[in-house]
Amino acid sequence: MSQATLGKSVRSGICGILFVAALIANASASAADTYPTSASEIETDRPDVTNSSGVVPYGSLQAENGVDWTVRQRSDVIGGTETRLRLGVAQCTEVLVDVPMYFYSINSRASSGFSDLVVSIKRELPVPLGFHLSATGGLGFPTGASNISSHGYDPYIQFPWSRRIGDDWSLHGMFTVTWFTSQHVLNPTFEPTLSLERNLGPTRDLFVEYVGDYPNHVRPSQILDGGGSWRITRLQQLDFHLGFGLNSSSPDHFFGIGYSFRLDGLLGGSVGSSP
């Protein structure tokens, strides 16, 4: 990649991150009329690809974990633990760390090794008309295995949103833009998602979701998936998801399960109930 192209990718990514930072800085603490507290139930970014439009309460640490089995062009890969750590550092603001995930090729038709580390910050924003919106900016670090890592410092911006459309139904979506500093042919890569969710009582829900990845000069990947979650306590959740690809650039099919929990009161104040 030429220095000019690399510089353009880096500048675009930095501009995106600065834009999200400006939104975070200018959003008042009253952005959400009902910002989360330690009394709130756990709300996770999994099992669907679409992330929650909310954040964890101030002083809370949430760990979201999962294991996936993916089949792509006759290759079988197990991935885990797909851990995301979310720490509430202020009202309506959290820091996220996507811990490197290990991929193991069962039949040696794909690469095995760890993925890259990603660190992000997320803020809920004020939006009218019953919508909930947040802004996320993050950076991927090339810590993964040589045959899995992107080999670059990859910035991204992301906007998850949601809106309730009935007593038990809600729409969720997300729009992400990623810049790959060492793979300029992909820049920028857009990822829109749309999810329809149905609550099955106070502790369970199901969803169906569309996810598309649209690199600039490469054929897009598109999947359709569904799944559900069950809050076994106020601070613990079990989940599952499964899906399939809609074109040859996508996984053939996949299945995953997960477990998440939240610890409250870690940055002062009263410690919440253990999960």
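All figures in this text were calculated on a predicted structure; none of them were measured in a lab.
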Measuring from atom CZ of F190 to atom OG1 of T178, what distance do you get when rounded to the nearest 0.5 angstrom? 10.0 Å

Does the side chain of E82 come within less than 4.5 Å of R46's, by heavy atoms? yes

Note, L235 side chain near F261 side chain (heavy atom, < 4.5 Å): no

Straight-line distance of L85 CG to N65 CG, nearest 0.5 Å: 7.5 Å

Between D68 and H241: side-chain donor-acceptor atoms closer than 3.5 Å: yes

Indicate whether any N or O donor in one side chain lies under 3.5 Å from an N or O acceptor in the other, for S195 and E209. no

Hey, mind stepping through E64 and T44 against side chain to side chain donor-acceptor pair (under 3.5 Å) and telling me if it holds? CA-CA 7 Å; E64 305 176 7; T44 66; 4.8 Å; no

Would the number of heavy atoms belonging to other residues, nucleotides or ligands and lying under 6.0 Å from CH2 of W69 be above 12? no

Y156 side chain to S120 side chain, donor-acceptor N/O pair below 3.5 angstrom: yes

When rounded to the nearest 0.5 Å, the distance separating CG of L96 from CG of N51 is 8.0 Å

Is it true that the side chains of D45 and S52 contain a donor and an acceptor less than 3.5 Å apart? no

What's the spacing between I148 CD1 and S112 OG if we round to 0.5 Å? 6.5 Å

Does some side-chain heavy atom of F207 sit less than 4.5 Å from a side-chain heavy atom of T50? no

Is there a continuous path of hydrophobic side-chain contacts, each under 4.5 Å between heavy atoms, that joins I223 to M174? yes

Same cluster (ILVMFWY, side-chain, under 4.5 Å), L200 and L196: no

Within a reach of under 6.0 Å around CG of N147, are more than 12 heavy atoms found that belong to other residues, nucleotides or ligands? yes

Mark yes or no for whether R231, through its side chain, and P202, through its backbone, hold a donor-acceptor pair below 3.5 Å. yes

With rounding to the nearest 0.5 angstrom, report the CD to OG distance, Q73 to S249. 8.5 Å

Nearest 0.5 Å, please: how far is OG in S260 from CZ in R86? 9.0 Å

In the structure I gave you, are the side-chain heavy atoms of D154 and F180 within less than 4.5 Å of one another anywhere? yes

Would you say T93 and R123 are linked by a side-chain donor-acceptor pair, where the criterion is simply a distance under 3.5 Å? yes

For R219, does the CZ atom sit with more than 12 other heavy atoms under 6.0 Å from it, leaving out its own atoms? yes

Between L117 and L139, is there shared hydrophobic-cluster membership here, with clusters defined by ILVMFWY side-chain heavy atoms closer than 4.5 Å? yes

Beyond-backbone contact of Q158 with P160, side-chain heavy atoms, under 4.5 angstrom: yes

Listed partners of S53 passing side-chain hydrogen bond (donor to acceptor under 3.5 Å, both in side chains), at least two apart: S162

